[in-house]
Amino acid sequence: MSIAKTYNPKEAEEKWYAYWMENGFFRSTPDEREPYTIVMPPPNVTGVLHMGHMLNNTIQDVLIRRARMLGKNACWVPGTDHASIATEAKVVAMLKEQGIDKKSLSREDFLKHAWEWKEKYGGIILKQLEKLGASCDWERTKFTMDPDLSESVLDTFIRFYNAGYIYRGVRMVNWDPQGKTALSDEEVIRREVNQKLYYVRYKIKDSDEHIVIATTRPETIMADTAICINPNDERYTHLKGKKVLVPLINREIPVIEDEYVEMEFGTGCLKVTPAHDLNDYELGQKHNLEVIDLLNDDGTLNENAQILVGEDRFIARKKVAKMLEEVGQIEKIEDYKSQVGFSERTDAAIEPKLSMQWWLKMDELAKPALEYVENGTIKLIPEKFFASYKHWMENVKDWCISRQLWWGQRIPAWYNEKNEWVIAKTEADAIAVFAEQGKTSEGLRQEDDVLDTWFSSGLWPMSVFDGVRNPDNADFQYYYPTNDLVTAPEILFFWVARMIIMGHDYTQKPPFKNVYLTGIVRDKLGRKMSKSLGNSPDPIELMGQYGTDGVRVGMLLSSPAGNDLMFDVSYCEQGRNFANKIWNAFRLVKGWETIDSPATDAQKTAATWFESRFNQAIAEIDEHFANYRLSDALMATYKLIWDDFCAWYLELVKPAYQAPIERETLETVKRLFQQVLKLAHPFMPFLTEELWHDEIFGTRDAKDCIIVASYPTAQSFDTQIVKDFEIVQQIISEVRSIRNSKGISPKIELPLAINATNIDFSTYQESIVKLANISDLTFVQDKVQGAVSFLAGKNECFVLLENNIDVDAERERITKEIEYLKGFLVSVDKKLSNERFVQNAKPEVVENEQNKKADAEDKIKILEESLASLS
RNA sequence: GGAGAAUUAGCUCAGCUGGUUCAGAGCAUCUGCCUUACAAGCAGAGGGUCACUGGUUCGAAUCCAGUAUUCUCCACCA
C-alpha cells in the first residue's frame, strides 16, 4: 500500500499524455467560446529537439494550458517547415553517402528521394514535443509543403506579382560556387580570415607615372571598370579625368571620384569591380560603369578574364599575383585580416555575384507592418525590441525570394523557347497566357528556382487555417488573428515581420496580437548552446533524468522574456525537487485517518488564512501572466505551494502522530489542495494530473481531468488576516531562532508570554503553541522578568528559559535594536523637519513618514522599558 | 561604422512612472537537525558602497551626462 517516497515521473507522463489524446482534450473546433490561438513556430523538418525548442514550446504549452483552463477554446497548431536549404543539404549528403551525386539525378528523382527522407525522418521533432507534454491539436499538424500550403504560396506569389510587388532582376547576391545557388544573407556565415593585401601598380595612360591600389583579390583586376578616388584627396588631384590601364591586359579605364572612398585605408585609391563586389556594384550603378563578370558559376574564370581562363579563382589569385610581380607591378604585399563570408552548408567562400533573381519590393508593404507595432495593435514583449524592429522596417531592402534549389515551392514562372516568360499557376494557364499575349509556348519550361522558405512560413498563421486560398472558411474566421506568437528574437525580421506584412496584405489585420520573444539558451559560460559546440544537453535525456515537469519548471525559472538564459541543470534539479515536494505533501494528506468531527477553531482560522493568501497569490500570478512574466508567475506559484501551503498550512492542521484528523478539516485540505494543483498545472501538467485522479479526491468521471478543470479566479479576501498572521509567523520564527542560537532542541517545549497590544491572538493561540512548541502560552500586561524578549510588531514577547538568561547579552541585544531604531528615527525626523520635504512631497508620503515616526517611537519606548527592567 | 541593451548578494535575476526599514527573490553557502510527508527535506543564520564619476532633486538602485566593461542586432573598407 505504501506509496513511493519520491515522485516517479515516467509512468505518469506516458499514461496521461495518452489519456489526454484519447479524450481529445487537445482538439479544438470553432464554437461559441472565445478562441485562444497559438501557431507553433514550425521547426525545421530536419530538426531534432534542442534546448531552444524546449524553452519555446514549454512557454507555449504553459500559455495554452492556462487559457484552456480559463475556459477559452484553446488551439495550438503544430507543424514543420520544409527549410529548403537545410533539408536539401541533408538529402544531398545522404545521397552522397549512398554514392549518388545530386547532379546525376533529375529534379523529379531528387525530389522523390527528398520526400522519402521527409516521410522517414521528418516527424521526429514533433514526436519529441509530445514528450514535453505539448498539448497541440495534432490533427491540425501542417507542413509548409503540404499541397494546400504550397498552393497558398503560389497564390501569394501571383497576388504580389499582379500587384506589382514582385519583379525579376539582376542583382548582387551571395553566390555559393559549390552549391551553385544564391543564398540569403542569413545563410552566410562571416569569419575573419588571414589574407594578403596586394599593392598593385596601375599605369596612368600617356604618362610614366602609376598609381597604387590595395586589393585582396588580384584575380578580379581584369574585371575592373574604373579607379575611384576621394574628390577631397589632395594627393590625387592630378589624376582627375585621367585614364589608367588595367595591368596584364592593358584595358583602359577611367578615374572616377566618390566620397565613398576612405582616404585613410590602403592607398586611398579603390579599384572598382562592379561584378564582384557589392559596394563596387553600387558605385558602378551610380557612375554608369560597365559591368564585366569574369567568373563562371563554379568559381572558375571565364573568357572575360582574357587570361587564365578556366582556372579556379583561388589558383588564379596566386597566379595573377605572380604575373604582376614578374612585370614589376606589385609594390608590396601585406598580411591582412578581413571578414569573408562562407556558405553555411558547403563552407565554400561566398562570391558576390550578379545574377538574375526574383525580388519582392518591400518599402510599401513594410509600412503598415511598422504601424501595427508602433500603435500597439501588435505588442512586442519585451518592448525593447521595438527599436530594432522599427530600424529594420524603415530601412528595409527588397527581398531576394528565389533560390536555385529543388526542394521547395517552384517559382511559377514559365519560359518559352525565346526566353520570354509569364507568371502562371499551372502549365495550362501558362500556355493560355502566352497565347493571350500572342506568344509561342513552344519549349515551355520552368527554371530551377524555388521560393525562399520564409516566403511560405510568412503565410503560416493564415495558411494553417487555409486562410489564403479560402478566407471565408469557418476555422480561419474563428481562429485568425491568432493571440500569442512565441519565438526567438533572431527571427524577428526574417519571420515575424514577414508574417505581419503578408497577414496584413491579405486580411488587413495583424496575424497575432502579442509577440513573446524568448531568450537564447546559453551555457554557464554564456555561449549559445549549439550542436557544433557540443555544449547542449539533450532535452530528452534531461526529461528522463529530472522528469518532464522538472525540466519545464527548470527552463522557466530562469527565463524572463527576451533575456537570454544561462542554463544549468541545477534549475532542473530545483524543478524536480518542487515536483517531489508536491508529491510528498500529497503523501501526507493521503495518509491521514479521519475522525467524524467538525473542524476546530484553529483549523478554521488556518484555512481562512490560507485562502486569503491563496487569493492574494492568484491576483499576483494573473498579473504576471498579463505581463508575460512567466518565471515570476511560476515563482509565485512555487512559493505559495512550498511555503504557504506546505510549510504553514499543512503544518498548522497536521494532526499529532497517528492521530486522526477532523473530517471537515480534511475535506477543506483536499479542496485547497486541488486548487493549488490547478495553479501548478500549466507548469507541471503530468504530476498534477496524476494526483488529481487519486481516490482521495473522490471518484471522477472519465472527462474530469485537471487539464480541463477551471483555473481558480481571484476572490476578494481579508488583508487583515494576512497581516495578522505575519505577526504570528514572526513570533514562531523568533522562538525557533532563540532555540537555535541557544542550542535548545526543537523537541523541548518552552513557555511563552505575549504582551498583546494591537492583535487579538485568541484564534492563533493554538497555532503558536503547536508550531513554536510552546509548553504554556500566557498573555501578560507587563514585563516578564528574567526572560528573553523580542518584538513582533508592537507585541512584546517573552520566552522563559530554564537556565538563567545572560543579562548582559540581553542588554546588548536590546540596546542594539534600540540604536537601530533610533538611527531610523533620526532619518525620518530629518525628513519631517525639512520644510521643503513637507512642502513638496505628496501628502500621503508625508503621512507615511509620520506613521513611521510614531511606530518607531512606540517600539523604542517598549524596548527601553525592557532594558530598564533587566537590571 | 550604425543601432539597441545590460552592469544590483557567490550564481541567475526582480525592483513599473524617484518617497514604506528599499536594498529583495530563488538557488548556492554556513550552523543545527535522519522531528512520525519529503535529507530531492526541516529549522535558523550570514552575505551587496545597486559598475565608476559627476549632475538634477527636499530625497536617486530608480532620472540625466560622461567613463569602463559586456552582450545582441544591422552594415562592413577595397
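Proteins come first, then strands; the chains are lettered A, B, ... in the order of their sequence lines, and each starts at number 1. Small disclaimer: the values here were computed from a predicted structure and weren't measured.
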State whether the side chain of D694(A) and the backbone N or O of E690(A) hold a donor-acceptor pair below 3.5 Å, judged by distance alone.
no

Nearest-nucleotide check on RNA chain B, D632(A) vs A647(A); residue mapping nearer the 5' end is D632(A)

To the side chain of N740(A), which of rG26(B), rA5(B), rG44(B) is closest?
rG44(B)

Paired nucleotide for rG1(B) [Watson-Crick or G-U wobble; both distances under 3.5 Å]
rC74(B)

Taking the side chain of T216(A) as its heavy atoms from C-beta onward, which of rA78(B), rU72(B), rA40(B) lies nearest to it?
rA78(B)

Please work out if S737(A) contacts a base, only the sugar-phosphate, or nothing of the nucleic acid, heavy-atom cut-off 4.0 Å.
sugar-phosphate

Heavy atoms under 4.0 Å, any strand shown: does R736(A) hit a base, just sugar-phosphate, or nothing?
sugar-phosphate

Would you classify F586(A) as touching base, sugar-phosphate or nothing, given that sugar-phosphate means primed atoms plus P, OP1 and OP2, and contacts are heavy atoms under 4.0 Å?
nothing

Taking the side chain of N577(A) as its heavy atoms from C-beta onward, which of rU35(B), rG41(B), rA78(B) lies nearest to it?
rG41(B)

Using atom C1' of each nucleotide, how far apart are rC52(B) and rA28(B) to the nearest Å?
29 Å

Is there a Watson-Crick or G-U wobble partner for rU69(B) with both distances under 3.5 Å, and if so, which one is it?
rA6(B)

So, is S733(A) close to the rG44(B) phosphate, meaning a side-chain N or O under 4.0 Å from OP1 or OP2?
yes

What's the gap between rA68(B) and rA25(B) when it is taken at their P atoms, as a whole Å value?
35 Å

Mapping L197(A) and N834(A) onto RNA chain B by nearest heavy atom, which one lands closer to the 5' end?
N834(A)

May I ask you to say what C228(A) touches in the nucleic acid, namely base, sugar-phosphate or nothing, with a heavy-atom cut-off under 4.0 Å?
nothing

Same-atom distance (C1') from rC13(B) to rA6(B), integer angstrom:
12 Å

Quick one: label K654(A) by what it contacts on the DNA or RNA (base, sugar-phosphate, nothing), any heavy atom closer than 4.0 Å.
base

In whole Å, measure the gap between the C1' atoms of rU56(B) and rC64(B) for me.
7 Å

Atom-to-atom span, CG of L557(A) to P of rA28(B) - whole angstrom
12 Å

Ignoring hydrogens and angles, are the base of rC38(B) and the side chain of K5(A) linked by a donor-acceptor pair under 3.5 Å?
no

OP1 or OP2 of rC27(B) under 4.0 Å from side-chain N/O of Y638(A)
yes

Closest to the C646(A) side chain, choosing from rC73(B), rA78(B), rA37(B):
rA37(B)

Interatomic distance, K747(A) NZ vs rG44(B) C1' [rounded to whole Å]
17 Å

Rounded distance in Å - CD (Q574(A)) to C1' (rC11(B))
12 Å

Given rC38(B), is OP1 or OP2 found less than 4.0 Å from the side-chain N or O atoms of R576(A)?
no

Length of the NZ-P vector between K639(A) and rG26(B), whole Å
5 Å

Could you check which of rU35(B), rU20(B), rA37(B) has an atom nearest any side-chain atom of R587(A)?
rA37(B)

Keeping the roles fixed (side chain from Q730(A), backbone from L791(A)), state whether a donor-acceptor pair exists under 3.5 Å.
yes

Regarding K332(A) and the six-membered ring of Y199(A), is the cationic atom NZ or CZ under 6.0 Å from the ring centre and inside 45° of its axis?
yes

Regarding L278(A), tell me which of base, sugar-phosphate or nothing describes its non-hydrogen contacts under 4.0 Å with the strands shown.
sugar-phosphate

Report yes or no: is there a donor-acceptor pair, N or O only, under 3.5 Å between the side chain of E651(A) and the base of rA43(B)?
no

Mate of rA28(B) across any strand shown (Watson-Crick or G-U wobble, both atom pairs under 3.5 Å) is none

Which nucleotide in the list rU12(B), rA40(B), rA25(B) gets nearest to the side chain of Y571(A)?
rU12(B)

Between N584(A) and K5(A), is there a donor-acceptor pair closer than 3.5 Å when you use the side chain of the first and the backbone of the second?
yes

Go through rA37(B), rA40(B), rA78(B) for me and flag the one nearest to the Y260(A) side chain.
rA78(B)

Taking the C1' atom in each of rA37(B) and rU31(B), what is the distance between them to the nearest angstrom?
25 Å

In the structure shown, which nucleotide is the Watson-Crick or G-U wobble counterpart of rA60(B), with both distances under 3.5 Å?
none

If I pick the P atom on rU8(B) and the same atom on rG59(B), what distance separates them, to the nearest angstrom?
27 Å

Separation of atom NE2 in H624(A) from atom P in rA25(B), rounded to whole Å:
14 Å

Between K670(A) (side chain) and I696(A) (backbone), is there a donor-acceptor pair under 3.5 Å?
yes

Is there a side-chain contact between N279(A) and the phosphate of rC77(B), meaning an N or O under 4.0 Å from OP1 or OP2?
yes

Can we say K654(A) and E651(A) salt-bridge, meaning some charged N sits less than 4.0 Å from an Asp/Glu carboxylate O?
yes

Mind checking whether F586(A) and F673(A) have parallel, tilted or perpendicular rings, split at 30° and 60°?
perpendicular

Can you tell me the distance, in whole Å, between the CD1 atom of I641(A) and the P atom of rA37(B)?
20 Å

Any idea how W495(A) and W454(A) line up, ring-wise: parallel (<30°), tilted (30 to 60°), or perpendicular (>60°)?
tilted

Nearest-neighbour nucleotide for the Y657(A) side chain, rA37(B), rU36(B), rU35(B) considered
rU36(B)

With a 3.5 Å cut-off and no angle check, do the side chains of R613(A) and Q616(A) form a donor-acceptor pair?
yes

In whole angstrom, give me the gap between the C1' atoms of rG4(B) and rA75(B).
15 Å

Would you measure the distance from the C1' atom in rC30(B) across to the matching atom in rG66(B) and give it in whole Å?
42 Å

Atom CE of M393(A) and atom C1' of rA3(B) are separated, to the nearest Å, by 17 Å

Would you indicate which nucleotide in rA40(B), rG19(B), rA78(B) comes nearest to any side-chain atom of T215(A)?
rA78(B)

Nucleotide forming a Watson-Crick or wobble pair with rC16(B), both distances under 3.5 Å
none

Selection from rC27(B), rG41(B), rC76(B) that lies nearest to any side-chain heavy atom of W642(A):
rG41(B)

Nearest-angstrom distance from the residue atom NZ of K384(A) to C1' of rC16(B)
16 Å

